[in-house]
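To start, the structure under review is shown below, and the notes come after it.
Here the structure is a predicted model, which means the values were calculated and not measured.
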Amino acid sequence: MAAPTLADLSPMLLTERKTIPTTGDWLYEIKYDGYRLLAATGDPQLRSRNGHVATKWFPEIAEAMATLAPGCILDGEICVLDDMGRPDFDRLHKRAARRGRPGGSDPVVYSVFDLLVLHGEDIRDQPVEDRKAALQDVLDCCTSVLLYVQDVDDGQGLYQHALALGLEGIVGKRLGSVYNCGKRSPDWVKVKRPGAVPPERFKRA
């Protein structure tokens with residue numbers, strides 16, 4: 001059976017929680033504050049969460065994706081990082097609105113946290129920890145434009161780190177969980193820093 005194409009797929013969604021899970025086995029990641037994109041290698045393509053083709057919006061990401069092995073589809077967040085490596089959503093919004101990369105615009109990175117298709121094989125039914133191990137191998141030879149999102153097992157410690165740096169929050173993923181396209185699952189949760197996303201964000205000009 002042929003693997004799904006980029007157009008067949010949509011991102012798995014997070015369930016918001018106020019507290020970090022206290023039961024079960026989880027891995028935890030920093031929640032990057034950016035634009036969610038799925039991306040295909042080979043003839044590189046980028047597609048937004050809403051299905052818009054975004055390949056020409058971020059040419060440096062497309063160029064980096066072209067250096068990876070073909071037949072893979074990745075999931076992650078496009079971000080602009082500040083001098084401390086923290087995502088800056090306002091700068092990203094301004095960059096994205098310009099489409100492409102005009103002179104003087106901020107560079108972006110693709111913070112990648114999951115792998116849906118590996119060398120033409122659909123691996124969404126594999127456990128998240130196995131998908132992440134395969135993803136790390138895929139990204140092993142890439143440039144700093146493509147960033148592998150590390151995970152830890154200490155959710156409380158990571159959350160305190162996010163608070164100290166003023167990050168958006170953290171993401172928890174239940175070990176053994178599969179990738180369900182377009183669905184909001186209790187196996188993927190986000191715990192945000194209080195006040196992390198102001199309500200007026202998406203009303204900005």
Side-chain angles (χ1 to χ4, degrees), residues 3-17 21 24-42 44-51 54-55 58 61-62 64-65 67-79 81 87 108-153 155 158 162 167-192:
T5 67
L6 194 62
D8 298 324
L9 301 170
S10 57
M12 184 170 170
L13 304 178
L14 298 161
T15 298
E16 187 163 358
R17 292 181 48 150
D25 296 318
W26 298 76
L27 61 81
Y28 296 94
E29 304 163 344
I30 288 294
K31 188 177 188 308
Y32 282 82
D33 193 10
Y35 286 177
R36 185 84 175 270
L37 288 182
L38 299 183
T41 64
Q45 298 178 55
L46 310 178
R47 188 173 289 265
S48 75
R49 175 176 168 176
N50 295 325
T55 312
F58 306 109
I61 304 303
M65 292 289 294
T67 69
L68 303 182
C72 299
I73 297 179
L74 289 58
D75 187 4
E77 295 266 347
I78 296 286
C79 302
L81 303 181
V108 295
V109 298
Y110 187 32
S111 302
V112 190
F113 49 72
D114 214 325
L115 183 65
L116 286 63
V117 177
L118 173 62
H119 307 320
E121 178 187 356
D122 187 348
I123 63 169
R124 288 175 292 166
D125 285 340
Q126 294 187 17
V128 62
E129 59 269 29
D130 292 350
R131 298 195 311 272
K132 289 207 62 149
L135 172 64
Q136 193 164 20
D137 289 340
V138 167
L139 295 178
D140 186 52
C141 61
C142 75
T143 70
S144 59
V145 176
L146 306 178
L147 306 181
Y148 172 74
V149 177
Q150 296 282 352
D151 60 87
V152 301
D153 57 11
L158 189 63
L167 302 176
E168 184 181 3
I170 68 170
V171 171
K173 298 175 181 176
R174 192 186 302 274
L175 292 181
S177 59
V178 301
Y179 193 101
N180 289 308
C181 282
K183 296 182 180 179
R184 198 172 300 279
S185 170
D187 289 334
W188 278 28
V189 301
K190 57 185 174 183
V191 182
K192 292 185 178 181

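Going from atom CG of Leu116 over to atom CG of Leu38 covers 6.0 Å, rounded to the nearest 0.5 Å. Here CZ of Arg49 is found 11.5 Å from CG of Leu37. Values are rounded to the nearest 0.5 Å. With rounding to the nearest 0.5 angstrom, the OG1 atom of Thr55 is 11.5 Å from the CD1 atom of Ile61. Distance check: Ser111 OG to Ile30 CD1 gives 11.0 Å after rounding to the nearest 0.5 Å. Atom CE in Met65 sits 8.5 Å away from atom CG in Leu139 (nearest 0.5 Å). Leu115 contributes atom CG, which lies 5.5 Å from atom CG of Leu74 (distance to the nearest 0.5 angstrom).
Proximity of Cys72 to Leu118: side-chain heavy atoms (C-beta onward) are separated by under 4.5 Å at one or more points. At least one side-chain heavy atom of Arg124 sits under 4.5 Å from a side-chain heavy atom of Cys181.
Residues meeting the salt bridge (Lys or Arg N to Asp or Glu O under 4.0 Å) test with Arg184, sequence neighbours left out: none. For Asp130, the side chain to side chain contact (heavy atoms under 4.5 Å, CB included) partners are Gln126, Pro127, not counting sequence neighbours. Residues passing the side-chain hydrogen bond (donor to acceptor under 3.5 Å, both in side chains) test with Asp75, sequence neighbours excluded: Arg36, Tyr179. Shown here are the side chain to side chain contact (heavy atoms under 4.5 Å, CB included) partners of Asp8, two or more places apart in sequence or in another chain: Pro4, Thr5. Residues satisfying the side chain to side chain contact (heavy atoms under 4.5 Å, CB included) test with Pro21, not counting sequence neighbours, are Arg17, Trp26, Tyr28, Val189. Under the ring pair (Phe, Tyr, Trp, His ring centres under 6.0 Å) criterion, Phe58 pairs with no residue at all, not counting sequence neighbours. In this structure, the salt bridge (Lys or Arg N to Asp or Glu O under 4.0 Å) partners of Arg174, at least two apart in sequence or on a different chain, are Asp187. Not counting sequence neighbours, the partners of Asn50 by the side chain to side chain contact (heavy atoms under 4.5 Å, CB included) test are Ser48, His52. Residues satisfying the ring pair (Phe, Tyr, Trp, His ring centres under 6.0 Å) criterion with Tyr32, sequence neighbours excluded, are absent altogether. Legend: residues meeting side-chain hydrogen bond (donor to acceptor under 3.5 Å, both in side chains) with Gln45, ordered by chain and number and at least two apart, are absent.
Glu129 places a side-chain N or O within 3.5 Å of a backbone atom of Gly176 that can act as its donor or acceptor partner. Within the 3.5 Å criterion, the main-chain N or O of Val128 finds no donor-acceptor partner in the side chain of Ser177. A side-chain donor-acceptor contact under 3.5 Å links Thr41 to the backbone of Gly71.
Nearest approach of Ala62 to Leu46, heavy atoms of both residues: N-CD1, 4.5 Å. Residues Gly169 and Ala162 come closest through the heavy atom pair O-CB, 4.1 Å. For His119 against Ala69, the heavy-atom pair with the smallest separation is CE1-CB, 3.6 Å.
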Could you give the side-chain donor-acceptor pairs of residues 9-16 under 3.5 Å, partners two or more places apart or in another chain?
from, atom 1, to, atom 2, distance (Å)
Ser10, OG, Gly182, N, 3.2
Thr15, OG1, Ser185, O, 2.9

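Note that Lys31 lies outside the cation-pi zone of Phe113, set by a 6.0 Å cut-off to the ring centre and a 45° limit from the axis.
Sorted by first then second residue, the salt bridge (Lys or Arg N to Asp or Glu O under 4.0 Å) pairs that include residues 110-121, not counting sequence neighbours, are Asp114-Arg131.
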Begin with the C-alpha distance, continue with both residues' side-chain angles, and end with the deciding distance and a verdict on side-chain contact (heavy atoms from CB on, under 4.5 Å) for Asp151 and Val149.
-> CA-CA 7 Å; Asp151 60 87; Val149 177; over 6 Å; no

